[in-house]
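Below is one structure, written out as structure tokens, with a few remarks after it.
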Amino acid sequence: MTSAERPLRFNADFELVLQGLPPKPSLNATLEFFLFWLEPAPVRTHREYPENYLRYVEALAGQRPRIVKAGEARDWWGSLDKFELARDLNSKASFADWLRARGRATGIVCRRWEELVAAVGEGEYLAKKSDGMSGRGHVKVRCSELEGLRSRFDFRTPVVVEPLYARVRDVSALWLPDEERFIYYSNAIDSRFQWRSTTLDSDAFDAAPEGSGDWRELLAELQQDMHARGYAGHFSVDAFFYQRNHRTHFHPGSEVNARRTMGLIAYLFAKRSRARFFRLALVPAVITGEAWEKLSRSPHARLLSPERNPFVWFAVEADSHMDLEAKAEAFLRELPGARAPGKA
């Protein structure tokens, strides 16, 4: 069997395994359907898929999903071949140290409780566990509340402490090793720092966000450093703009994801689209039966996820940003009780 024919596995539990926790097939089962849309290889799955969903994917993606239930499979989301390297590259503390060494004052890396107490000043701060994922492990703290939050931090890994910035726009840069370039896009992040959508503009893939200064040069240095250490895969850097003293500032990086990302999934879909703008988004909702059938026929967006998934995943495309927003909102109106994923 060639490597292209070896089954793939969507190991969404990548960060959990890096933390030394057991694999979590139930987490992988919530995202593995993306491989049906994006990859021709068989997919090792952890749940059942009804025939109507398989036919739906085949009609829109042009290929019938091939499913295997057991046996070896290639990890798709993140590689664990170089375990210690992967753990260090995905560490928020290591990235904060890397930025600080280049004169970019970011978070303070704390390895003991006393250091965390010293790092929290007046106002509200954000304490981030170094190996946290998808906003988990983020704790908002104030001096007066510290003692009551002590049990939240075991310092098994360092904690990064920074001011709670008034974020106004979230952006990412994604390294594409096959194309040897970065692309740039916007994200919508909710109040719990969890991803809700990515929006791409095909006319501006290569354009670093206005106001990001020398971010392009900093990213190039990071890519070279990671390559020199033996990492040659995809990675993204999440950054954001924030307001302080009535001025907008740029934060060059809150974290590195040395793996495939939702931004990459959005880009792979966007490359197949003829529209200028493309959005990949989710809504925390479970749909079944007629509700799923109705959304699968929506003229406003493409439903991607199967029934009984903990999130409704969808894709929207349009030739203008205004039309993109209108289509996304129209799709959500077809899903009673759903929360909007936010604008990006």
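All heavy atoms count here, side chains included; hydrogens, waters and symmetry mates do not.
Here ring pair (Phe, Tyr, Trp, His ring centres under 6.0 Å) pairs that include residues 93-115, with residues two or more places apart or in two chains, number zero. Listed by first then second residue, pairs satisfying ring pair (Phe, Tyr, Trp, His ring centres under 6.0 Å) with a partner in residues 214-234 read Y184-W215, W215-F250, not counting sequence neighbours.
For W175 (side chain) and A232 (main-chain N/O), no donor-acceptor pair under 3.5 Å exists by modelled atom type.
In this structure, CG in D170 is found 13.5 Å from OH in Y242, a value given to the nearest 0.5 Å.
Using bins of under 30°, 30° to 60° and over 60° for the plane-to-plane angle, the ring pair F193/H138 lands in the tilted bin. Taking the six-membered ring where the residue is Trp, H251 and Y165 present perpendicular rings, their angle passing 60° and hence far from 30°.
In this model, a donor atom of one side chain and an acceptor atom of the other lie less than 3.5 Å apart for K69 and T45. One side chain, S130 or S91, offers a donor N or O that lies under 3.5 Å from an acceptor on the other. Counted by atom type alone, S172 and D238 present one or more donor-acceptor pairs between their side chains at under 3.5 Å. The closest side-chain donor-acceptor pair between Y49 and E32 falls under 3.5 angstrom. Looking at R169 and S186, their side chains do bring a donor and an acceptor atom within 3.5 Å of each other. For the residue pair N90/E255, the side-chain donor-acceptor check at 3.5 Å is not satisfied. In this model, no donor atom of one side chain and acceptor atom of the other lie less than 3.5 Å apart for T288 and E307. Side-chain polar atoms of R279 and T199 form a donor-acceptor pair below 3.5 angstrom. Side chains of D323 and S320: a donor on one and an acceptor on the other come within 3.5 Å.
In the hydrophobic clustering of this structure, L18 does not group with M226; members are Ile, Leu, Val, Met, Phe, Trp, Tyr whose side-chain heavy atoms approach within less than 4.5 Å, directly or through other members.
No more than 12 heavy atoms of other residues, nucleotides or ligands shown are found within 6.0 angstrom of CZ on R274.
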Evaluation steps, side-chain contact (heavy atoms from CB on, under 4.5 Å), between W37 and V57: CA-CA 7 Å; W37 295 92; V57 174; 3.8 Å; yes
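Only one option out of F277, F182, Y185, Y267 pairs with F205 in a ring pair (Phe, Tyr, Trp, His ring centres under 6.0 Å); it is Y267. The only member of F331, F269, F278 that meets ring pair (Phe, Tyr, Trp, His ring centres under 6.0 Å) when paired with F314 is F331.
In this structure, R167 forms a cation-pi arrangement with F240, its terminal cationic atom sitting closer than 6.0 Å to the ring centre and no more than 45° off the ring axis.
W76 meets the side-chain hydrogen bond (donor to acceptor under 3.5 Å, both in side chains) test with E39; sequence neighbours excluded.
Ring to ring, F14 and W77 are not that close: their centroids are 6.0 angstrom or more apart.
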